[in-house]
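Along the sequence shown, residues carry numbers from 1. Because only heavy atoms are used, hydrogens play no part in the values below, and waters and symmetry mates are left out as well, while side chains stay in.
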Amino acid sequence: MTYSKDHIFFTADTHFNHEKILQFSQRPFASVREMNETLIENWNKVVGKEDIVFHLGDFSVGRGEAWTEIGSRLNGHIHLILGNHDMNNFNSACTHCFEEITMLKYIEVGKRGIYLNHYPFLCYSGAEKRIWQLFGHMHTNHNNRSDERLKLLLPRQYDVGVDNNNFTPVSYLQVKQIIERQIEDAKRLER
């Protein structure tokens with residue numbers, strides 16, 4: 001499916017209601033409640049009611065009610081790409097919060113092909129043809145940027161998770177700028 005570049009956002013790894021994520025990802029929140037409220041506020045500051053959001057997994061822990069309470073407070077039409085934590089927590093009571101629920105997705109924004117998945121791909125079709133791959137799962141932040149696994153990524157890949165993006169969804173145009181910068185940096189290193 002082809003989408004307009006003006007009203008599309010990406011995010012991952014919100015981990016709403018997940019107390020252990022505060023320590024695991026060294027998130028700067030005193031409590032899960034503070035984290036949830038900050039994530040919701042940041043989301044609604046940038047995402048409008050009619051915007052499209054691709055959430056690339058690990059939306060929330062808990063069951064139906066917890067997901068519905070959070071989902072009802074978020075702007076936009078949310079497409080969920082399931083993550084590893086979603087597989088343990090998702091149930092049919094949550095389906096009404098999302099436009100679609102899938103394991104992975106290929107979209108086009110204008111003429112730009114983009115693979116969406118919770119996990120970064122080591123190899124993916126079209127990588128050599130300028131197709132991007134957006135992912136979560138890695139919880140990239142200032143503490144783990146030297147992780148050896150991140151060095152394996154191609155310049156056309158980007159972690160759209162909240163830990164890597166000031167706890168806020170990123171727009172297509174922001175991702176485009178970041179990936180273009182990564183490509184230029186890689187070209188400089190090749191010289």
Side-chain angles (χ1 to χ4, degrees), residues 9-47 53-76 78-91 93-95 97-98 101-105 115-122 124 132-155 157-171 174-175 178-179 182:
F9 293 84
F10 305 95
T11 195
D13 300 306
T14 45
H15 285 264
F16 289 110
N17 301 312
H18 190 180
E19 190 167 336
K20 290 182 181 177
I21 203 68
L22 296 173
Q23 290 79 34
F24 174 78
S25 290
Q26 300 175 0
R27 291 188 176 178
F29 306 108
S31 67
V32 168
R33 179 173 163 69
E34 180 187 350
M35 178 186 73
N36 285 353
E37 292 305 314
T38 300
L39 290 170
I40 292 167
E41 182 180 330
N42 289 355
W43 179 304
N44 289 337
K45 279 182 186 174
V46 299
V47 175
V53 180
F54 288 97
H55 192 295
L56 306 188
D58 290 357
F59 181 77
S60 182
V61 297
R63 294 277 175 183
E65 253 181 52
W67 287 55
T68 299
E69 192 276 324
I70 295 291
S72 69
R73 296 179 60 198
L74 297 172
N75 287 344
I78 306 168
H79 299 252
L80 178 64
I81 312 300
L82 292 171
N84 54 303
H85 286 274
D86 300 323
M87 303 298 275
N88 297 329
N89 292 285
F90 185 80
N91 66 35
C94 311
T95 58
C97 297
F98 306 101
I101 300 157
T102 186
M103 291 299 296
L104 61 99
K105 188 161 183 77
Y115 283 108
L116 306 173
N117 193 53
H118 181 62
Y119 305 99
F121 294 155
L122 185 55
Y124 63 96
W132 297 351
Q133 195 245 330
L134 304 181
F135 62 91
H137 188 68
M138 296 296 295
H139 294 267
T140 307
N141 62 38
H142 64 280
N143 293 315
N144 70 358
R145 291 203 194 279
S146 62
D147 185 322
E148 290 298 316
R149 297 172 300 171
L150 294 172
K151 294 176 184 175
L152 299 173
L153 297 176
L154 299 171
Q157 293 178 282
Y158 184 66
D159 181 350
V160 297
V162 295
D163 298 287
N164 198 33
N165 296 287
N166 298 315
F167 304 99
T168 306
V170 289
S171 71
Q174 288 172 294
V175 171
I178 291 165
I179 289 180
Q182 290 177 169

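- In this structure, CD in E41 is found 14.0 Å from CZ in F167, a value given to the nearest 0.5 Å.
- Contact check for S60 versus T14: no side-chain heavy atoms found under the 4.5 Å cut-off.
- Between T11 and V53, the closest side-chain pair of non-hydrogen atoms falls below 4.5 Å.
- At a threshold of 4.5 Å between non-hydrogen side-chain atoms, the residues T168 and K45 do not count as touching.
- The two residues M35 and H15 make their nearest non-hydrogen contact at CE-O, 3.3 Å.
- One N or O on the side chain of N164 and one on the backbone of D159 form a donor-acceptor pair closer than 3.5 Å.
- The backbone N or O of E69 lies less than 3.5 Å from a partner atom in the side chain of S72, making a donor-acceptor pair.
- Summarising the geometry of F10 relative to L116, their closest heavy-atom pair is CE2-CD2, 3.8 Å, with the distance given to 0.1 Å.
- Of the inter-residue distances, the one linking N84 atom CG with H118 atom NE2 reads 4.0 Å to the nearest 0.5 angstrom.
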*side chain to side chain contact (heavy atoms under 4.5 Å, CB included) between R73 and E37: does it pass, once the steps are laid out?*
CA-CA 10 Å; R73 296 179 60 198; E37 292 305 314; 2.7 Å; yes

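- Shown here for F121 and Q157, the closest heavy-atom pair between the two residues is O-NE2, 2.7 Å.
- Minimum interatomic distance between V32 and E19 (heavy atoms only, all atoms of both residues): CG2-CA, 3.2 Å.
- In this structure, V160 and F54 have side chains that are not in contact, with every pair of non-hydrogen atoms separated by 4.5 Å or more.
- For the atom pair L80 CG and F59 CZ, the distance stands at 7.5 Å (nearest 0.5 Å).
- Of all heavy-atom pairs spanning G136 and A12, the tightest one is CA-CB, 3.7 Å.
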_If you apply the rule side chain to side chain contact (heavy atoms under 4.5 Å, CB included), what do you find for F135 with L153, and how did you get there?_
CA-CA 11 Å; F135 62 91; L153 297 176; 3.5 Å; yes

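- W43 and H55 have parallel rings, their planes meeting at less than 30° on a 0 to 90° scale where 60° marks the start of perpendicular.
- Distance CD1/I81 to CG/D86: 10.5 Å, rounded to 0.5 Å.
- Side chains of Q182 and I179 form a contact here, defined as non-hydrogen atoms less than 4.5 Å apart.
- Rounded to the nearest 0.5 angstrom, I101 CD1 and L82 CG are separated by 6.5 Å.
- Looking at D163 and F24, their side chains never come closer than 4.5 Å, going by heavy atoms from C-beta outward.
- For the pair N165 (side chain) and V170 (backbone), a donor-acceptor distance under 3.5 Å is absent.
- At a threshold of 4.5 Å between non-hydrogen side-chain atoms, the residues L74 and F16 count as touching.
- Note that CG of L39 is 5.5 Å distant from CZ of F29, once rounded to the nearest 0.5 Å.
- When only modelled atom types and interatomic distance are considered, S31 and E34 share no side-chain donor-acceptor pair under 3.5 Å.
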*asked:* If you apply the rule side chain to side chain contact (heavy atoms under 4.5 Å, CB included), what do you find for Y158 with W132, and how did you get there?
replied: CA-CA 8 Å; Y158 184 66; W132 297 351; over 6 Å; no

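- Using a 4.5 Å heavy-atom cutoff, the side chains of H18 and R27 are not in contact.
- Looking at every heavy atom in both residues, N17 comes nearest to A66 through ND2-CB, 3.6 Å.
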